[in-house]
Amino acid sequence: MTSTTRVRFAPSPTGALHIGGAHTALFNWLWARRNGGSFVLRIEDTDLVRSTAEFEMTILQGLRWLGLDWDEGPDVDGDHGPYRQSERRDIYLEHAMKLVSSGQAYREGEAVIFSVPRGKMVAFDDVVYGHIEMASDTLKDIVLIKSDGFPTYNYAVVVDDHTMEISHVVRGEDHISNTPKQILLYEALGWEVPTFAHLPMILGKDKKKLSKRHGATSVYEYRDMGYHPDALFNYFALLGWNPGDEREIFTREEAVEMFDLARVTRKAAVFDMDKLNFVNQAHIARISPLERARHTVPFWKETGLDPDSRTEEWLAEVLDLLEGRGQTFRELAEYTDYFLSFEPVKKRYTADDIDEERREILKSFFSTMLSLSSWKPEELEVMAKGWCDEKGVRLKDVAMPLRWALTGRKVSPGIFHVAVFLGRDEVRSRLSHYGLV
RNA sequence: GGUCCCAUCGUCUAGUGGCCCAGGACACAGCCCUUUCAAGGCUGCGACACGGGUUCGAAUCCCGUUGGGACCGCCA
């Protein structure tokens with residue numbers, strides 16, 4: 001019937017967009033884009049008590065942030081709407097009544113219940129898990145319409161996937177056990193059964209289902225921790241799938257090109273922050289300096305700094321000095337605070353580790369340094385090495401005090417690069433604050 | 001309890017009977033580089049859950065055991 005690929009992501013708006021949901025949405029999106037098909041977004045809001053419009057909105061925003069765009073959905077017109085289950089009640093009722101009149105379902109109270117046929121073997125071939133079968137005798141009758149007039153999940157999903165002409169049902173492995181029930185419903189309704197592809201679950205470090213106990217579970221938390229959406233996308237794609245070669249860092253477009261449902265793995269995967277950090281660092285290294293700066297701005301602001309008083313080019317240059325240091329935008333902001341202001345340096349460092357004897361040596365070195373004719377990193381380094389040789393001092397004995405005075409930290413990029421970028425006047429001013437010049 | 005699914009380094013995985021006394025990546029350790037920390041380069045540590053089969057040959061196929069997980073709601 002449907003020759004084109006149509007997949008869907010069907011979240012229920014009872015919470016933020018969680019990692020598991022984002023992972024499922026991602027694989028659906030990948031499959032749709034890979035095949036030039038459609039990605040449909042459907043809101044499963046039949047749980048009156050827990051569903052809210054706010055959650056629906058955050059889920060949509062979360063998907064957008066991740067770069068997962070949909071072709072049809074509650075906010076995008078299509079030929080298969082409406083896209084909220086709460087707006088499709090007449091459709092569910094209509095088909096349920098057909099089952100009642102054909103004797104395959106019965107009423108009990110206000111509800112409509114499907115009688116599961118006895119002695120049947122229900123089987124399907126899952127793209128990921130292979131052949132699965134289950135005896136219908138192990139199933140209880142299935143509630144179709146609840147007493148409140150709303151459909152149940154297992155019923156609504158069948159009606160929707162059929163009427164929306166979904167070709168591939170791609171969802172979490174926790175739905176494998178529901179699949180035979182749904183197939184029975186497809187058959188009773190006389191509908192063609194779609195192709196199923198179940199995805200492995202994502203677990204926490206302790207191999208238990210991911211929950212709040214494992215820390216951040218909503219995609220927004222990752223955004224706020226300083227992860228790039230492309231990196232999260234890349235990392236999610238690697239959970240339960242791999243391209244077949246040894247590439248691990250790739251763009252959205254590259255993933256679309258390489259993706260194949262047939263290569264999805266079956267084992268539940270543990271969400272590993274260390275690997276995510278590595279992937280994020282790799283993406284930060286790949287994006288342009290300007291984009292890096294734009295992503296870091298909110299984090300500078302968060303620590304009370306004022307990046308708006310600088311040009312984007314200047315900010316990008318600052319970040320460039322980091323040369324790979326930092327795994328998140330939050331760290332990038334942290335590691336460069338001293339470029340934007342001397343205040344954080346003063347808070348971190350007081351110079352009370354320097355005794356008088358040491359201070360005299362340093363003053364001598366810094367005055368030579370500040371009077372250098374050329375203010376370039378290489379020149380500063382050559383001068384410093386020469387000076388140290390002559391005085392019988394180790395380079396680190398002058399480089400570290402300089403680092404402390406300029407950055408307030410024991411680690412930083414090459415300190416002569418920092419000094420040059422800060423400028424001779426600013427360096428003199430910071431050194432003089434500590435009485436070192 | 002019933003049904004279903006899963007099982008390769010700590011983690012993500014490659015592997016579909018011989019190319020595997022198992023390859024890559026993260027993490028970890030060491031070395032190189034070096035003014036610190038990163039980055040980068042090199043090296044190392046480290047796994048086929050167990051027991052039976054089938055086969056000339058098994059991580060790969062079959063059976064069982066053990067261990068995980070999911071579902072069994074008028075939740076989704």
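Convention: sequence-line order gives letters A, B, ...; per-chain numbering from 1.
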* Structure fact -> For residues 398-421 of chain A, the salt bridge (charged side-chain N to carboxylate O under 4.0 Å, His left out) pairs (sequence neighbours left out) are D337(A)-R409(A)

* To do: State which of rU36(B), rC12(B), rG15(B) makes the closest approach to the side chain of A269(A).
  => rC12(B)

* Look at all strands and tell whether H175(A) reaches a base, only sugar-phosphate, or nothing, counting heavy atoms closer than 4.0 Å. => base

* Asked: With sugar-phosphate meaning primed atoms plus P, OP1 and OP2, does T14(A) contact a base, only sugar-phosphate, or nothing at under 4.0 Å between heavy atoms?
  -> nothing

* To do: Could you pull out all residues at least two apart from D260(A) that satisfy side chain to side chain donor-acceptor pair (under 3.5 Å)?
  => none

* Knowing that exactly one of Y222(A), Y227(A), F250(A), F271(A) qualifies, which makes a ring pair (Phe, Tyr, Trp, His ring centres under 6.0 Å) with Y235(A)? -> F271(A)

* To do: Indicate whether the side chain of W404(A) and that of D353(A) have a donor and an acceptor atom separated by less than 3.5 Å.
  => no

* Residue pairs, two or more places apart or on separate chains, that pass side-chain hydrogen bond (donor to acceptor under 3.5 Å, both in side chains) and touch residues 94-118 of chain A -> H95(A)-K98(A), S102(A)-Q104(A), Y106(A)-D141(A)

* Asked: Which parts of nucleotides 1-7 of chain B does protein reach within less than 4.0 Å, heavy atoms only, written one letter per nucleotide 5' to 3' as B for base, S for sugar-phosphate only and - for none?
  -> --SSSSS

* Touch check for R394(A), heavy atoms < 4.0 angstrom, all strands: base, sugar-phosphate only, or nothing? -> nothing

* Taking the six-membered ring of F329(A) as reference, does the NZ or CZ atom of R292(A) fall below 6.0 Å from its centre and within a 45° cone about the axis? -> no

* **Neighbours of RNA chain B within residues 104-117 of chain A, by heavy-atom distance under 4.0 Å** => E108(A), A111(A)

* Check every strand shown and say whether G240(A) touches a base, only sugar-phosphate, or nothing at a heavy-atom separation below 4.0 Å. => sugar-phosphate

* **Nearest listed nucleotide, side chain of F416(A), among rU35(B), rG24(B), rA76(B)** => rU35(B)

For residues 237-247 of chain A, dump all side-chain donor-acceptor pairs below 3.5 Å to protein atoms at least two apart in sequence or in another chain.
from, atom 1, to, atom 2, distance (Å)
N242(A), OD1, G244(A), N, 2.9
N242(A), OD1, R263(A), NH2, 2.9
D245(A), OD1, R247(A), N, 2.9
R247(A), NH2, E254(A), OE1, 3.2
R247(A), NH2, E254(A), OE2, 3.2

* Asked: Partners of Y434(A) by ring-ring contact (aromatic ring centres under 6.0 Å, His included), sequence neighbours excluded?
  -> Y349(A)

Between N or O atoms, less than 3.5 Å apart, protein on one side and nucleotides 47-49 of chain B on the other: list the pairs.
none

* **Which nucleotide in rC74(B), rC75(B), rC71(B) has an atom nearest any side-chain atom of S147(A)** => rC74(B)

* Structure fact -> Taking rA70(B), rU11(B), rA25(B) as options, the one with an atom nearest any side-chain atom of V270(A) is rU11(B)

* So what does R263(A) hit on the nucleic acid, given a heavy-atom distance under 4.0 Å: a base, only sugar-phosphate, or nothing? -> sugar-phosphate

* **Contacts of K396(A) that satisfy side chain to side chain donor-acceptor pair (under 3.5 Å) - sequence neighbours left out** => none

* Structure fact -> Against the side chain of K396(A), the closest entry in rU35(B), rG15(B), rU11(B) is rU35(B)

* Asked: Where the side chain of K275(A) is defined as all heavy atoms beyond and including C-beta, which of rC74(B), rC12(B), rA76(B) is the nearest nucleotide?
  -> rC12(B)

* Remember a base hit wins even if backbone is also touched, and classify K205(A) as base, sugar-phosphate or nothing at under 4.0 Å, heavy atoms. => nothing

* Of the options I415(A), V420(A), V418(A), which is the one that meets P377(A) in a side chain to side chain contact (heavy atoms under 4.5 Å, CB included)? -> V420(A)

* **Under the side chain to side chain donor-acceptor pair (under 3.5 Å) test, residues paired with K363(A) that sit two or more places apart** => none

* Using the test side chain to side chain donor-acceptor pair (under 3.5 Å), find all partners of D355(A) that sit at least two apart in sequence or belong to another chain. => none

* Asked: Can you tell which of rA76(B), rC72(B), rC12(B) lies closest to the side chain of S12(A)?
  -> rA76(B)

* Asked: Quick one: which of rU35(B), rC37(B), rA27(B) gets closest to the side chain of V411(A)?
  -> rC37(B)

* When L305(A) is tested against each of W300(A), F339(A), Y338(A) for side chain to side chain contact (heavy atoms under 4.5 Å, CB included), which residue passes? -> W300(A)

* To do: Select one nucleotide: of rA70(B), rA76(B), rU35(B), the one nearest the side-chain heavy atoms of K146(A).
  => rA76(B)

* Nearest-nucleotide pick for T265(A), side chain only, options being rA14(B), rU36(B), rG24(B) -> rA14(B)

* **Under 3.5 Å side-chain donor-acceptor pair for S367(A) and R428(A)** => no

Nucleotide N/O to protein N/O under 3.5 Å, stretch nucleotides 39-44 of chain B:
none

